[in-house]
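Each ligand, and each atom within it, is numbered from 1 in the order the structure gives.
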Amino acid sequence: MDYKIIRSDRRTVGIIVGPDGVTVRAPRRLSEERILRVVDAHRDWIEKKLREEEKRRSEAGDPPSLSEEEIEELRESARKVLPERVAHFAPLVGVDYGRITVRCQKKRWGSCSSRGDLSFNCLLMLTPDHVIDYVVVHELCHRIEMNHSPRHKALMEKVLPDGRAAEKWLRDHGVTVLERRRAKTGGTTPENG
Ligand SMILES: [Zn+2]
């Protein structure tokens with residue numbers, strides 16, 4: 001079973017099962033072996049909570065939360081795909097750029113620093129190609145216009161005349177995709193020493 005350990009000054013172990021999976025909160029110095037023992041002792045409870053969580057999501061019509069492995073796969077393909085798209089579009093926009101970083105954020109699709117370093121969300125890999133291109137061009141146009149002024153928009157339209165479809169796609173489906181990377185909520189076990 002996959003779980004994430006978060007250590008803090010607490011004195012007991014707590015297990016949280018939420019949309020993000022299993023999180024174990026543990027005292028700073030407790031050994032991994034002791035933590036594993038606590039997790040093992042609560043295995044049935046954890047599995048029940050995970051089943052409940054997936055049921056809740058499917059009843060709500062939500063696509064299932066992404067597992068850590070799925071996110072890692074998205075990261076890997078993003079590291080391949082995005083630099084290619086950036087290299088393709090940068091000359092069309094007429095700009096250079098710095099480093100390209102792939103993150104897995106819950107809020108933003110991409111960003112562009114004043115030095116030209118670009119950052120993209122690995123969840124873009126779950127969107128259509130024209131949406132990926134739209135976000136890439138959006139960030140590259142920030143190399144010229146660091147804002148969302150009509151000038152930024154005009155630059156984008158020169159390179160991607162049919163960017164409206166991507167805008168609409170993001171409006172209609174963007175949040176659903178971002179929410180597959182979920183915040184931790186849900187039940188906790190009784191505390192354990
Ligand atoms: Zn922007």
Side-chain angles (χ1 to χ4, degrees), residues 2 4 6 16 18-21 23 53 56-58 60-186:
D2 277 346
K4 188 161 68 184
I6 296 177
I16 300 161
D20 245 10
T23 306
E53 183 56 39
R56 186 195 62 72
R57 285 186 62 81
S58 75
D62 295 345
S65 313
L66 294 162
S67 68
E68 286 305 313
E69 285 120 67
E70 285 169 319
I71 287 169
E72 204 37 60
E73 279 167 26
L74 293 175
R75 264 188 227 279
E76 258 173 53
S77 68
R79 285 194 195 107
K80 244 188 288 172
V81 170
L82 289 164
E84 281 169 16
R85 300 320 288 157
V86 171
H88 170 77
F89 281 110
L92 299 176
V93 179
V95 294
D96 60 4
Y97 53 93
R99 270 192 312 149
I100 299 171
T101 312
V102 171
R103 298 215 168 89
C104 207
Q105 303 140 315
K106 284 185 196 113
K107 295 244 152 80
R108 315 178 78 178
W109 291 108
S111 66
C112 173
S113 78
S114 54
R115 283 181 315 183
D117 292 332
L118 303 169
S119 152
F120 294 102
N121 195 326
C122 74
L123 298 175
L124 277 172
M125 296 299 107
L126 297 172
T127 73
D129 287 352
H130 73 104
V131 173
I132 298 175
D133 289 350
Y134 175 85
V135 173
V136 165
V137 172
H138 178 106
E139 299 312 333
L140 285 171
C141 288
H142 278 319
R143 295 289 289 131
I144 300 172
E145 292 289 338
M146 276 308 276
N147 51 45
H148 297 127
S149 63
R151 286 191 306 262
H152 180 265
K153 206 171 175 184
L155 273 174
M156 285 202 63
E157 273 168 10
K158 242 183 1 189
V159 180
L160 284 183
D162 53 356
R164 286 240 176 87
E167 259 168 45
K168 181 174 174 1
W169 195 96
L170 285 171
R171 259 200 318 275
D172 293 347
H173 311 288
V175 172
T176 311
V177 174
L178 290 175
E179 282 192 344
R180 297 190 64 184
R181 179 98 167 111
R182 295 226 143 197
K184 285 163 284 309
T185 54

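The minimum heavy-atom distance between Leu140 and Ala90, with the atom names listed, is CD1-N, 3.5 Å.
Of all the N, O or S atoms in His138, the one closest to the Zn ion (ligand 1) is NE2.
Relative ring orientation between His138 and His142 is described as perpendicular, the plane-to-plane angle rising above 60° on a 0-90° scale split at 30° and 60°. Under the 30°/60° scheme for interplanar angles, the aromatic rings of Trp169 and His173 are found to be tilted.
Under 2.8 Å from the Zn ion (ligand 1) lies no N/O/S atom of Cys112, from backbone or side chain alike. For a distance bound of 2.8 Å, the N, O or S atoms of His152 include none lying that close to the Zn ion (ligand 1).
Counting heavy atoms of neighbouring residues, nucleotides and ligands inside a 6.0 Å radius, atom CZ of Arg79 exceeds 12 of them.
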